[in-house]
*Asks:* 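Before anything else, here's the structure in question.
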Amino acid sequence: MTDKNSNLIFLVGHKVVLRPFSRADIPTLTCWINDPDVREFIGSVLPQTEKQEEEWFNKLGSNDQNIVLGVETKDGVLIGSMGIHQINWRDRICTTGALIGEKDYWGKGYGTDAKMLLLDYIFNTLNLNKVCSAVIVYNKRSLHYSLHCGYKVEGRRKNHVFRKGRYWTLIELGLFKEDWLSIWKNYKKTGKIK
Ligand SMILES: CC(C)(COP(=O)(O)OP(=O)(O)OC[C@H]1O[C@@H](n2cnc3c(N)ncnc32)[C@H](O)[C@@H]1OP(=O)(O)O)[C@@H](O)C(=O)NCCC(=O)NCCS
């Protein structure tokens, strides 16, 4: 856990700020990505060295298809990351990925606040029109918070992901700007979805 009270701020929400990563964050990122409790929910299955994380870090900002931001609590604790990926500027579509790496912070609304902030940036600054995401069927927390933020189930890829000795369905989610704006109007004011 990084407790750095960084002055680096990019987006400000109710519970978190989103900010660019810095080189000093690499050891924390390496811990999260290797943690079995975190890995079971995301795409990463191979061990990641600090050097590999550094190479990933060095590529951040090198193209206009991916944007990754760190999630920090208001009192300066780095707890996770939020990513915008595969940005297609012609179709105005992208995918999002989320990771709260500090497990003590799961289920306390930090992910929702970070995601709503990211969606505001995606829709109201980058002017994208649709956001996609995918959740392994056993990731109930992620499915719940995604639906909470306005994503809708668009389809199910049967037996698409191999984990824990068997195949699992991948749930494909989509969210259109026009459907999200009313959720945002209330969230922006109150910090609550409903
Ligand atoms: C998924 C993740 C980003 C969500 O962030 P978070 O801060 O934990 O989520 P929030 O607290 O904002 O929202 C979680 C919601 O799910 C609910 N929830 C928590 N555990 C749950 C469970 N086991 N089953 C169903 N719902 C659950 C919470 O009650 C909350 O809903 P509410 O706001 O209606 O009460 C975070 O948990 C995480 O990074 N997990 C590990 C990696 C991961 O799964 N990444 C996403 C891959 S698709």
Side-chain angles (χ1 to χ4, degrees), residues 1-13 15-89 92-106 108-128 131-136 139 141-142 145-146 149 161 163 170 173:
M1 193 183 305
T2 308
D3 197 355
K4 57 202 286 295
N5 287 307
S6 152
N7 291 322
L8 203 54
I9 291 173
F10 186 65
L11 300 169
V12 182
K15 290 170 77 82
V16 300
V17 300
L18 301 188
R19 63 152 174 90
F21 281 116
S22 71
R23 199 164 287 281
D25 301 322
I26 292 171
T28 307
L29 288 162
T30 311
C31 285
W32 294 342
I33 205 78
N34 285 290
D35 183 335
D37 296 337
V38 175
R39 266 194 301 111
E40 73 167 301
F41 299 119
I42 57 176
S44 173
V45 290
L46 298 175
Q48 293 293 311
T49 63
E50 209 163 288
K51 187 163 177 286
Q52 285 168 306
E53 279 304 300
E54 193 174 350
E55 282 162 8
W56 171 85
F57 171 82
N58 286 338
K59 285 192 204 129
L60 292 178
S62 64
N63 64 58
D64 69 353
Q65 279 132 47
N66 295 287
I67 298 167
V68 180
L69 290 162
V71 180
E72 209 171 88
T73 63
K74 286 284 180 82
D75 43 8
V77 183
L78 181 67
I79 59 167
S81 81
M82 286 275 148
I84 311 169
H85 305 288
Q86 296 170 295
I87 302 173
N88 177 328
W89 294 102
R92 313 214 71 78
I93 195 164
C94 68
T95 62
T96 50
L99 192 161
I100 302 295
E102 296 298 335
K103 295 178 280 184
D104 289 350
Y105 289 82
W106 284 356
K108 294 177 179 164
Y110 291 97
T112 297
D113 196 48
K115 180 54 67 76
M116 291 301 280
L117 204 48
L118 192 78
L119 290 169
D120 177 41
Y121 178 61
I122 288 171
F123 290 133
N124 289 328
T125 298
L126 299 182
N127 195 24
L128 299 181
V131 177
C132 299
S133 185
V135 182
I136 305 174
N139 194 352
R141 194 184 310 106
S142 182
Y145 109 110
S146 299
C149 292
V161 183
R163 293 279 194 291
L170 188 71
L173 303 164

*Asks:* To check you understand the geometry: which heavy-atom pair defines the closest contact between Tyr145 and Ala98, and what is its length?
*Replies:* OH-CB, 3.1 Å
*Asks:* Does the side chain of Trp32 come within less than 4.5 Å of Leu78's, by heavy atoms?
*Replies:* yes
*Asks:* Consider only side-chain N and O atoms of Trp89 and Gln65, and report whether a donor and an acceptor are under 3.5 Å apart.
*Replies:* no
*Asks:* Could you walk me through whether Glu55 and Lys59 pass the salt bridge (charged side-chain N to carboxylate O under 4.0 Å, His left out) test, one step at a time?
*Replies:* CA-CA 7 Å; Glu55 282 162 8; Lys59 285 192 204 129; 5.9 Å; no
*Asks:* Which residues satisfy the salt bridge (Lys or Arg N to Asp or Glu O under 4.0 Å) test with Asp64, sequence neighbours excluded?
*Replies:* none
*Asks:* If I compare all heavy atoms of Ser81 with all of Phe21, which pair ends up nearest, and what's the gap?
*Replies:* CB-CZ, 3.3 Å
*Asks:* Of all heavy-atom pairs between Pro20 and Phe10, which one has the smallest distance, and what is that distance?
*Replies:* CD-CB, 4.1 Å
*Asks:* Using only atom types and a distance under 3.5 Å, with no angle test, would you say the side chain of Lys15 pairs donor to acceptor with the backbone of Lys108?
*Replies:* yes
*Asks:* With sequence neighbours excluded, tell me which residues meet side-chain hydrogen bond (donor to acceptor under 3.5 Å, both in side chains) with Thr30.
*Replies:* none
*Asks:* Does the side chain of Leu126 reach to within under 4.5 Å of the side chain of Tyr121, using non-hydrogen atoms?
*Replies:* yes
*Asks:* Are any non-hydrogen side-chain atoms of Ile93 and Leu128 less than 4.5 angstrom apart?
*Replies:* no
*Asks:* Would a distance-only check, ignoring hydrogens and angles, find a side-chain to backbone donor-acceptor pair under 3.5 Å from Arg39 to Asn34?
*Replies:* yes
*Asks:* Would you say that Glu40 contacts Asp35 through its side chain, given a criterion of any heavy-atom pair below 4.5 Å between the two side chains?
*Replies:* no
*Asks:* Nearest 0.5 Å, please: how far is CD in Glu53 from CD1 in Ile33?
*Replies:* 5.5 Å
*Asks:* Only one of Thr96, Leu99, Leu119, Leu118 passes side-chain contact (heavy atoms from CB on, under 4.5 Å) with Met82; say which it is.
*Replies:* Leu118
*Asks:* Can you find a heavy atom in the side chain of Tyr105 that is under 4.5 Å from one in the side chain of Val71?
*Replies:* no
*Asks:* With the side chain counted from C-beta on, respond yes when Glu54 and Thr49 share a heavy-atom pair under 4.5 Å apart, and no when they do not.
*Replies:* no
*Asks:* Could you check whether any side-chain N or O of Asp25 sits under 3.5 Å from a backbone N or O of Thr28, counting only pairs where one atom can act as donor and the other as acceptor?
*Replies:* no
*Asks:* Distance check, rounded to the nearest 0.5 Å: Ile9 atom CD1 versus Lys74 atom NZ?
*Replies:* 8.5 Å
*Asks:* What residues, two or more places apart in sequence or in another chain, satisfy side chain to side chain contact (heavy atoms under 4.5 Å, CB included) together with Asn124?
*Replies:* Asp120, Lys177, Trp180, Leu181, Trp184
*Asks:* When you measure from the side chain of Asp113 to the backbone N and O of Tyr110, does any donor-acceptor pair fall under 3.5 Å?
*Replies:* no
*Asks:* Do you know which of Val135, Ile100, Ile42 makes side-chain contact (heavy atoms from CB on, under 4.5 Å) with Ser142?
*Replies:* Val135
*Asks:* A side-chain contact here means heavy atoms from C-beta on lying under 4.5 Å apart; do His85 and Asn66 qualify?
*Replies:* yes
*Asks:* Nearest 0.5 angstrom please: Ile84 CD1 to Ile67 CD1, how far?
*Replies:* 4.5 Å
